[in-house]
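We're numbering straight along the sequence, starting at 1. Note that the structure is a prediction, hence the values are computed from the model and not measured.
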Amino acid sequence: MNRTIITVVGKDTVGIIAKVCTYLAEKGINILDITQTIVQGYFNMMMIVDTSGLKEEFTSLVTDLDVIGMGLGVQIKCQREEIFDKMHRI
């Protein structure tokens, strides 16, 4: 399994979850875990996904999610789990 961490942060707006999840489904990416909160109008979502079914380069996924985020007015970050773990080790 190729696990990837996706985070979405920004002003809340209609359709954020739908847009991101639809894109992931179209790319064959399975959502393993998801959590989201809205605090005083600010949206925060973290997803753990399985990118084993991804048929294109990982960099394309990162770029596509960045473009989707710009269109929604949020910031979307996508990192492989091992990189995420190393960056957040205390």
Side-chain angles (χ1 to χ4, degrees):
M1 185 179 315
N2 295 322
R3 290 167 43 126
T4 298
I5 310 299
I6 298 173
T7 57
V8 182
V9 178
K11 273 284 217 189
D12 187 34
T13 187
V14 174
I16 297 172
I17 297 172
K19 187 81 166 179
V20 173
C21 291
T22 299
Y23 170 79
L24 295 175
E26 289 170 352
K27 297 297 178 181
I29 297 170
N30 187 38
I31 298 168
L32 303 171
D33 200 357
I34 182 172
T35 182
Q36 66 92 29
T37 58
I38 300 168
V39 177
Q40 295 186 6
Y42 290 95
F43 179 86
N44 183 27
M45 178 170 66
M46 181 176 175
M47 307 170 86
I48 301 173
V49 301
D50 179 7
T51 53
S52 297
L54 185 62
K55 303 290 186 227
E56 53 195 56
E57 293 293 321
F58 185 79
T59 54
S60 295
L61 172 67
V62 173
T63 301
D64 289 350
L65 287 173
D66 191 44
V67 170
I68 289 169
M70 284 189 284
L72 292 168
V74 297
Q75 185 178 41
I76 302 178
K77 295 293 180 194
C78 183
Q79 297 176 306
R80 294 190 189 275
E81 183 180 43
E82 60 271 13
I83 302 297
F84 185 88
D85 287 344
K86 288 181 182 180
M87 288 180 62
H88 294 91
R89 190 178 334 170
I90 296 177

Gln79 CD to Ile5 CD1 distance, which is reported to the nearest 0.5 Å: 8.5 Å
Distance, nearest 0.5 Å, that separates CD of Gln75 from CE of Met70: 11.0 Å
Cluster link Ile76 to Ile31, ILVMFWY, side chain under 4.5 Å: yes
Return all side-chain donor-acceptor pairs below 3.5 angstrom for residues 49-68, not counting sequence neighbours, or 'none' if the list is empty.
residue : atom : partner : partner atom : Å
Asp50   : OD1  : Asn2    : N            : 3.4
Asp50   : OD1  : Ser52   : N            : 2.9
Asp50   : OD1  : Ser52   : OG           : 2.7
Thr51   : OG1  : Asn2    : O            : 3.0
Thr51   : OG1  : Thr4    : OG1          : 3.3
Ser52   : OG   : Asn2    : N            : 3.1
Glu56   : OE1  : Lys27   : NZ           : 3.1
Thr63   : OG1  : Thr59   : O            : 2.9
Asp64   : OD2  : Tyr23   : OH           : 2.7

Ile16-Leu24 co-clustered via ILVMFWY side chain contacts under 4.5 Å: yes
Can you give the donor-acceptor pairs under 3.5 Å from side chains of residues 34-46 to other protein atoms, not counting sequence neighbours?
none

Any Val8 side-chain heavy atom under 4.5 Å of Leu72 side chain: no
Transitive ILVMFWY side-chain link Met47 to Val74, under 4.5 Å: yes
